[in-house]
Amino acid sequence: MLPDLKAVIELQQVDLKTGELGERIAAYPAGIEALASALKQFIHAHEERKGRLTANQKERRDLEGEAQVIREKIAKHKDQLYQVKTNEQYKAMLKEIGGEEGNLRSVEDRILEKMIEAEELQNQISDAAARLEGEKTRVESETRELEAHRETDLEEREGLLVERKRLDAALGETVRSIYERVRAGRHGVAVAEARDGFCTVCNVRLRPQAYNEVRTNEILVTCENCSRILYYVPPAAPADAGPEAPAKDTHASA
Ligand SMILES: [Zn+2]
């Protein structure tokens, strides 16, 4: 294979890999930030529920105070029932007591609602409290993992940049300028495999003569359509070599 062609194929691989690494490296801060933000939300929801439980307990105490006041009123009015003089007064007092008992029931219903709400909150708080340390540990370890991956990627990219310099230095001026020009205009891909008479990147058929030249891998040929530098991968030799070779071997060994 033409040394320039071999070098430019390798250079393309190095450049694509460098590009992928660059995207991955750029994405780590967002990943780390997402972990921190999820933990922050978890803690915030936990604190918010604790605040709601405190408020719930105060509301329940207030309602119990209200219920107590109503009960005392009812007891007082029941005592007064024996002191009234007329039937009308008696009826009026009974009606008042009936109204107060209705109020008491509605306050007691609200107390019950508060108790149910408090139980649910308490369960959620206990559950979150039990998970909190585990969540912190998980986020810390996942963050460390991402940071370690980032370090590895940075090192790998450093290595690739050294490799790129080496390949670039070995490249002839013509092929380098074609490579860089096409790479800039074609989303980073400046080299294409030719297969079955086609450029495999833009899918345009090559002229037969151009394809024949590409197949030698000894001449620099570019795709007439997309300008990419073309190379050819000869079909892999079958595992069971063709009929001639083994036949010869059989004869030779026999
Ligand atoms: Zn092409």
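Along the sequence shown, residues carry numbers from 1. Remember, it's 1-based here, ligands and their atoms both numbered in the order they're listed.
A cation-pi geometry, defined here as NZ or CZ lying under 6.0 Å from the six-membered ring centre and within 45° of its normal, holds between Arg215 and Tyr232.
Side-chain atoms of Gln68 and Glu72 include a donor-acceptor pair closer than 3.5 Å. Side-chain contact check for Gln209 and Glu213: at least one donor-acceptor pair (N or O, by modelled atom type) lies under 3.5 Å. Using modelled atom types and a 3.5 Å distance limit, the side chains of Tyr28 and Asp153 yield a donor-acceptor pair.
Counting only distances under 2.8 Å, and ignoring water, the protein N, O or S atoms around the Zn ion (ligand 1) are Cys199 SG, Cys202 SG, Cys223 SG, Cys226 SG.
Salt-bridge formation is detected for the pair Glu48/Arg52: a Lys NZ or Arg NE/NH1/NH2 atom is positioned less than 4.0 Å from an Asp or Glu carboxylate oxygen.
Residue pairs meeting the side-chain hydrogen bond (donor to acceptor under 3.5 Å, both in side chains) criterion with at least one member in residues 181-193, sequence neighbours excluded: Asp15-Arg183, Glu180-Arg183, Glu193-Arg195.
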